[in-house]
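Being a predicted model, the structure only gives us computed values, none of them experimental.
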Amino acid sequence: MLIKKSISDYKHIDFGNIKIAFTQVCKDELFKDVYFAANSLYYVESGSAILHTQNEKITVRKGEIVLIKQHSKLNIQKFKDKAGNDFKSIIFYLFPDFVIEFLKQTKQSKTKSNILSTHIIHLGKHAPLTLFCESLLPLFDKKQLNNSIIKQKTFEVLQYISKHNKDFLAFLTGNSKPMKIDLYEFMIHIAVNNYSVNELARLTGRSLSAFKRDFTSVFETTPHQWLLDKKIDYAEELLKEQKMKASDIYFMLGFNELSHFSSAFKKKKGVSPTQL
C-alpha cells in the first residue's frame, strides 16, 4: 500500500481469503504502479478515479465499480468531487480460494473466458454493492465486522453482479488460477502490503515450502525478516521525508500496536520513531 500525505484515512480488514480496504484521499493525486495481487472489486464511494494500464484507460465515478485482474499494475488518478468532498474507495481483494468457495456455494460452474487480454472490466453501478459498501463504512471504525456475515454478503453481491454482467463470471474465474510468477518482481511491488507468508506462497503459485526455498535463494533471508526490514525502511522514509508521525503509519504498515512498531523500528534503526 503506497502511503502519501494525501491519504487522510486508510483501514483494512482481513478475512483470510478475502481482504477489504478503505482509502480516503484529501487531494487530487496520481498513484503510480499500484499493484493488485488478487482479483479486486474497486468501488468508488465518492469522487472519481481514472485507472491506467499499459493499453487501457478506465474512468470510475461515484457509485461505480470495476473488476481488476490479479497481478495487474496500474496508475490511478484520484479526484475529489466538484463539491470538494474527499475521494473514497473500498476495495475487495478476492483470492483464488475465495472464488472457488463462491462457485461452490452458489453452485455456478466455471465459464471459459474469452476476454483474458484485458486487465479491467467496468461493471457500472449495482445497488446491492452500493448498499453493502455504505453499511461497511461505520463498521470499519468500530471493527465490529462479523467474518461469516461479511463473506456471505460478498457472495450475494458477486452472485447479483454475475447475473447482470455477462463478462463478470468468465473474467473472474478465468483469472483466478494460481500462477507461478517472478518472485523478485512480485515482492518488490507488495513489500509493504499486509500479506502472510502462506498468502504470498499462494499468490505466487507455490507451495509454502517451495516459496520459502525460492525466497531464500533470491533474497538470502527469510520472508518474515525481509518484509519487516522493508516496512521499517519505508517507515523511516515516511518519518523523515514526509514528516509523518508513527501514530499515522503503524497500522498502515501492518502493525497492530504502536508499541510493537516502535520496538521493531528501534531494534533495526537504533533510535525510536519519535527520536527522528
Side-chain angles (χ1 to χ4, degrees), residues 1-14 19-37 40-53 57-66 68 72-93 120 122 125 129-145 189-194 230-231 233-258 261-262 265 273-274 276:
M1 219 292 293
L2 182 62
I3 301 173
K4 293 189 174 186
K5 286 183 178 180
S6 60
I7 296 180
S8 54
D9 196 7
Y10 174 80
K11 305 179 182 73
H12 67 272
I13 305 293
D14 187 346
K19 296 179 187 291
I20 304 176
F22 167 78
T23 304
Q24 182 171 340
V25 178
C26 61
K27 67 177 183 179
D28 297 349
E29 186 150 3
L30 173 64
F31 290 72
K32 292 186 176 181
D33 294 335
V34 181
Y35 189 85
F36 291 85
S40 303
L41 285 176
Y42 192 100
Y43 171 79
V44 174
E45 199 273 331
S46 68
S48 62
I50 300 177
L51 281 58
H52 300 260
T53 68
K57 180 180 177 181
I58 305 291
T59 299
V60 193
R61 297 178 175 84
K62 175 182 172 63
E64 296 181 340
I65 54 172
V66 293
I68 301 171
S72 294
K73 186 170 63 174
L74 311 178
N75 290 339
I76 304 179
Q77 292 175 284
K78 301 180 180 182
F79 303 95
K80 300 172 72 170
D81 66 18
K82 293 181 180 179
N85 297 310
D86 289 353
F87 171 88
K88 297 178 183 178
S89 65
I90 295 179
I91 306 175
F92 296 78
Y93 299 95
I120 308 171
H122 198 298
K125 292 185 178 182
L129 181 62
T130 299
L131 293 172
F132 180 37
C133 289
E134 289 178 352
S135 72
L136 288 176
L137 291 173
L139 299 180
F140 271 110
D141 291 323
K142 299 176 182 177
K143 294 187 178 180
Q144 295 176 344
L145 298 175
H189 281 107
I190 60 88
V192 296
N193 285 268
N194 302 308
K230 289 295 181 183
K231 288 180 179 182
D233 287 343
Y234 190 36
E236 182 180 37
E237 177 185 335
L238 295 173
L239 293 166
K240 281 185 174 181
E241 297 183 13
Q242 297 195 25
K243 308 301 181 184
M244 299 181 75
K245 297 179 181 178
S247 58
D248 295 330
I249 63 175
Y250 79 93
F251 185 71
M252 293 182 181
L253 292 173
F255 294 89
N256 291 325
E257 302 290 341
L258 178 58
F261 166 70
S262 297
F265 189 94
T274 54
L276 288 179

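With a 4.5 Å cut-off on side-chain heavy atoms, Ile50 and Ile58 do not count as touching. Taking 4.5 Å as the limit, some side-chain heavy atom of Ile7 sits within range of a side-chain heavy atom of Phe31. Between Ser6 and Phe87, every side-chain heavy-atom pair lies at or beyond the 4.5 Å cut-off. Side-chain contact between His52 and Lys57 is present, with at least one heavy-atom pair separated by less than 4.5 Å. Residues Val44 and Glu64 form no side-chain contact, since every pair of their non-hydrogen atoms from C-beta on lies 4.5 Å or further apart. Ile120 has its side chain within reach of Leu74: a pair of non-hydrogen atoms, C-beta onward, lies under 4.5 Å apart.
In this structure, Asp28 contributes its side chain and Lys80 its backbone to a donor-acceptor pair below 3.5 Å. Although no hydrogens or angles enter the test, the distance criterion places a donor-acceptor pair under 3.5 Å between the side chain of His122 and the main chain of Thr59. The closest donor-acceptor contact from the side chain of Lys231 to the backbone of Leu253 lies under 3.5 Å. Counting only distance, with no hydrogens or angles, the side chain of Ser46 and the backbone of Asp86 share a donor-acceptor pair below 3.5 Å.
Residue Thr274 holds its OG1 atom at 9.5 Å from CG of Leu239, rounded to the nearest 0.5 Å. Once rounded to the nearest 0.5 Å, the distance linking CG of Asp81 with CZ of Arg61 reads 13.0 Å. The line from CG of Leu129 to CG of Leu136 is 9.0 Å long, rounded to the nearest 0.5 Å. With rounding to the nearest 0.5 angstrom, the CD1 atom of Ile76 is 11.0 Å from the OG1 atom of Thr53. Rounding to the nearest 0.5 angstrom, the gap separating the NZ atom in Lys245 from the CG atom in Leu258 is 12.0 Å. In this structure, NZ in Lys125 is found 8.0 Å from NZ in Lys62, a value given to the nearest 0.5 Å.
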| query | Is there a side-chain contact (heavy atoms from CB on, under 4.5 Å) between Ile68 and Leu51 once you walk through the steps? | reply | CA-CA 10 Å; Ile68 301 171; Leu51 281 58; 3.8 Å; yes
| task | Start with the C-alpha gap between Glu29 and Lys78, add the side-chain angles, then the distance that decides, and say whether side-chain contact (heavy atoms from CB on, under 4.5 Å) holds. | result | CA-CA 6 Å; Glu29 186 150 3; Lys78 301 180 180 182; 5.8 Å; no
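Contact between Thr130 and Gly63 at its shortest, heavy atoms only, is OG1-O, 4.0 Å. Contact between Asn75 and Lys32 at its shortest, heavy atoms only, is OD1-CA, 3.2 Å. Minimum heavy-atom separation, Ala246 to Pro273: CB-CB, 3.8 Å.
If you look at Tyr43 and Phe132, their ring centroids are not closer than 6.0 Å. Residues Tyr250 and Phe261 keep their aromatic ring centres 6.0 Å or farther apart.
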